[in-house]
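Source: prediction; values computed, not measured. First the proteins, then the strands, lettered A, B, ... as listed; each starts at 1.
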2 protein chains.
Amino acid sequence: MVKKISIGLLGLGTVGSGVVKIIENHQDKLMHQVGCPVEVKRILVNDLEKERNVEVDATKLTKNVEEILHDPEIDVVIEVMGGIEETRDYVLTALRNNKHVVTANKDLMALYGSELLTVASESNCDLFYEASVAGGIPILRGLVEGLSSDRITKMMGIVNGTTNFILTKMSKEGRAYDNVLAEAQELGYAESDPTADVEGLDAARKMTILSTLGFSMKIDLDDVRVKGISSVTEEDLRYSKQLGYTMKLIGYAHRDGEEVEVSVQPTLLADTHPLAAVNDEYNAVYVYGEAVGETMFYGPGAGSLPTATAVVSDLVGVMKNMRLGVNGKSAVAPQFPKQLKNEDKMFSKYFLRIHVKDQVGAFADLTTLFSNYGVSFEKIIQLPVKNSDLAEIVVVTHQASLKDYETIMEELRGLKILDSIKSSYRVEGEALA
Amino acid sequence: MVKKISIGLLGLGTVGSGVVKIIENHQDKLMHQVGCPVEVKRILVNDLEKERNVEVDATKLTKNVEEILHDPEIDVVIEVMGGIEETRDYVLTALRNNKHVVTANKDLMALYGSELLTVASESNCDLFYEASVAGGIPILRGLVEGLSSDRITKMMGIVNGTTNFILTKMSKEGRAYDNVLAEAQELGYAESDPTADVEGLDAARKMTILSTLGFSMKIDLDDVRVKGISSVTEEDLRYSKQLGYTMKLIGYAHRDGEEVEVSVQPTLLADTHPLAAVNDEYNAVYVYGEAVGETMFYGPGAGSLPTATAVVSDLVGVMKNMRLGVNGKSAVAPQFPKQLKNEDKMFSKYFLRIHVKDQVGAFADLTTLFSNYGVSFEKIIQLPVKNSDLAEIVVVTHQASLKDYETIMEELRGLKILDSIKSSYRVEGEALA
């Protein structure tokens with residue numbers, strides 16, 4: 001039986017300091033949960049002299065990562081330093097040296113998760129990464145627990161706080177994208193280069209992690225179709241609202257039989273969908289399991305305190321498994337071969353907004369085009385465009401395959417009545433309006 | 001180290017059968033999680049000959065509970081038989097005989113939870129009851145995990161599927177309470193005697209369990225202020241919608257310093273609140289913790305499969321703790337003395353709908369009455385009542401103490417301008433409309 005558990009910490013920023021504090025302040029509770037004491041033995045830092053916002057015995061600090069990765073007394077490595085390539089090497093070395101790893105690093109897990117999990121499995125080590133997706137929500141644990149007696153067929157996530165903040169403000173206050181982005185940057189919700197957030201890359205990384213775990217299939221970042229929110233307009237949001245939908249940047253992962261699709265894109269969600277009420281910088285993940293049905297986890301997506309708490313929860317899991325002698329089994333490497341759906345098997349409803357020449361037969365041409373592919377309209381709005389000879393047409397289609405929809409878009413571009421395609425979005429759920 | 005874990009099952013109805021099936025079908029996964037095999041050794045039933053929808057070795061069935069409670073080989077008792085007084089005796093005996101207990105019984109836990117948890121603690125036994133509140137949502141585990149490094153100050157729950165189904169239908173389809181109740185009864189969502197659901201008693205039992213755990217304080221059923229939904233009218237729902245609110249039966253548990261209040265009552269929730277989007281028979285629990293902020297768990301509140309899954313999750317927890325040697329520590333008896341808020345410390349906004357004589361000065365009288373107690377109005381609607389000399393006034397107040405509000409209601413009844421008080425509800429959150 002293990003007598004004491006020693007931890008090596010990579011990184012002592014806000015999350016790392018939080019981890020140190022929680023472990024110190026909750027020694028008794030940890031002892032009660034795990035049955036033995038736990039100690040942070042060594043901490044990798046860049047600068048030995050820097051002021052810290054947590055009290056740490058200076059002898060524990062080191063600039064030499066080998067003192068952690070090769071210390072046989074260290075049982076668990078907690079990685080909260082960030083970065084990708086170098087960090088990957090550290091984590092691989094730790095696992096190969098039979099150290100369990102807890103990481104909060106979504107970039108690392110999105111790019112190298114399957115590799116790292118495989119090495120962890122081979123070494124009978126745990127590799128936990130709850131904090132890498134939606135820090136304040138125990139979603140990965142929920143998936144793992146659910147998976148033990150269920151089959152997950154669908155996951156939808158609002159997994160990026162910056163874009164959700166922007167879309168919420170745009171929608172509620174009728175403001176333009178650029179205007180709200182500037183405010184988000186001032187408030188610190190968006191970075192000065194907001195690309196990774198607003199173009200959906202951050203969300204795509206998290207969906208890679210979620211779908212790899214939920215479907216037990218090695219989903220790569222390149223497998224995720226990604227579209228960001230930078231071209232969403234006030235008009236789109238106005239129509240969306242009018243038709244009974246709320247626009248959200250949705251990470252969508254769906255399994256049909258053995259085939260899956262994963263995407264991140266602005267989506268019109270029916271107002272009645274529980275995700276539609278997830279506002280501001282909050283995150284939520286909606287999961288459909290065949291046994292349990294619909295569940296949703298909602299909470300803060302980021303923040304150093306929620307993230308540090310998630311890291312410590314993972315640590316408790318690792319420590320319990322150590323004492324049970326069952327490490328390397330609860331978080332396993334992907335078990336099924338990757339099978340991606342073709343575009344003719346990806347079904348969805350679509351919102352389409354176009355400008356056409358305001359002439360007799362224009363709408364009939366549009367209807368004919370869609371019905372040639374068996375696609376009909378669920379909702380239609382047609383209005384003249386002011387000070388022009390154009391009409392604006394907004395439709396919500398019934399279900400169509402992505403293949404058919406893309407062919408229709410292609411042919412639409414060739415129609416004489418078309419002036420311009422203004423916007424097009426996935427639609428999810430049944431709106432009441 | 002434990003070599004094998006034996007279970008005694010009390011009850012073999014739909015949940016009990018589900019538990020047996022899950023344990024059989026997931027032997028390998030359970031073994032991976034726990035590190036040793038698990039077997040259902042004996043099952044208490046009423047009728048040895050009855051057809052079962054699960055295959056069970058007939059020699060395992062017994063009508064004599066002593067064969068389970070006094071069998072030294074049985075480590076864990078799973079109680080899915082229901083009932084209160086007799087069941088309490090069984091659970092107490094099991095705990096005193098050092099058997100861990102998993103129960104799905106909300107009535108038992110609401111009435112005797114603190115007593116049972118205390119005995120469990122004294123016997124170093126686990127007593128887990130995840131399935132007793134919102135079967136398909138791991139809310140108790142979420143609270144326990146959250147509690148280990150946070151302080152919970154507020155919980156709001158939609159914890160009764162029947163009433164949520166009724167309010168959702170009434171609100172979306174503009175139908176009357178009796179009409180929707182009849183449909184719910186036909187569909188099996190409401191019982192032929194719906195009192196426990198519609199009058200809020202079932203929700204109150206669950207809030208007793210949640211608040212006892214979340215505040216670590218022995219909250220009794222009598223401490224919960226309860227009002228049901230049977231007097232909610234279509235007019236209330238129409239105004240609610242118009243003002244930007246959604247009516248829900250909300251279990252509300254709030255802590256201010258060391259003092260708490262717990263209630264169950266129809267509440268106007270701002271449409272923007274995540275709970276407002278929880279529709280039909282779904283349940284959700286919203287939790288505010290000082291460290292993590294807002295979180296919410298959403299899912300099916302009942303159903304034999306979700307409930308059986310929750311029971312098995314608890315069982316896994318018990319078994320892990322057995323092998324760790326840390327039983328009786330993760331679910332502890334209440335630690336703090338109960339301190340209930342007085343009515344002058346319970347603050348809320350209120351929705352009030354009244355009929356007054358349609359005469360000069362009527363509204364001024366109303367305003368004066370409220371402002372005498374420092375309460376002003378956030379929203380006001382006044383309309384003539386058709387074919388009468390009355391006016392309908394609807395107000396949403398700013399924050400008021402319950403004490404002041406009740407005094408105001410008392411004085412309102414004495415005002416000459418008053419014809420009748422139609423309805424009055426708590427209001428939660430900031431509506432945009």
Closest heavy-atom pair and its distance - Pro300(A), Thr295(B): CD-CG2, 4.0 Å
On a heavy-atom basis, the closest approach of Thr272(B) and Asn279(A) is O-ND2, 3.6 Å
So for [X], is it side chain, backbone, both, or neither that comes closer than 4.5 Å to the heavy atoms of chain A?
| X | answer |
| --- | --- |
| Val292(B) | both |
| Leu305(B) | side chain |
| Val34(B) | backbone |

Under the rule for side chain to side chain contact (heavy atoms under 4.5 Å, CB included), what residues qualify as partners of Lys169(A), not counting sequence neighbours?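 With neighbours one apart ignored, the set is Phe165(A), Glu173(A), Arg175(A), Val180(A), Glu183(A).
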Residue pair Asn321(B) / Lys320(A), side-chain heavy-atom distance below 4.5 Å: yes
Counting only heavy atoms not in Asp28(B), do more than 12 sit closer than 6.0 Å to its CG atom? no
Could you tell me which residues satisfy side chain to side chain donor-acceptor pair (under 3.5 Å) with Ser304(A), sequence neighbours excluded, listed by chain and number? none
Taking atom CZ of Arg323(B) and atom CZ of Arg323(A), what is their separation to the nearest 0.5 Å? 11.0 Å
Supply the atom-to-atom distance Phe297(A) CZ to Met296(B) CE, rounded to the nearest 0.5 angstrom.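 Phe297(A) atom CZ to Met296(B) atom CE measures 11.0 Å (nearest 0.5 Å).
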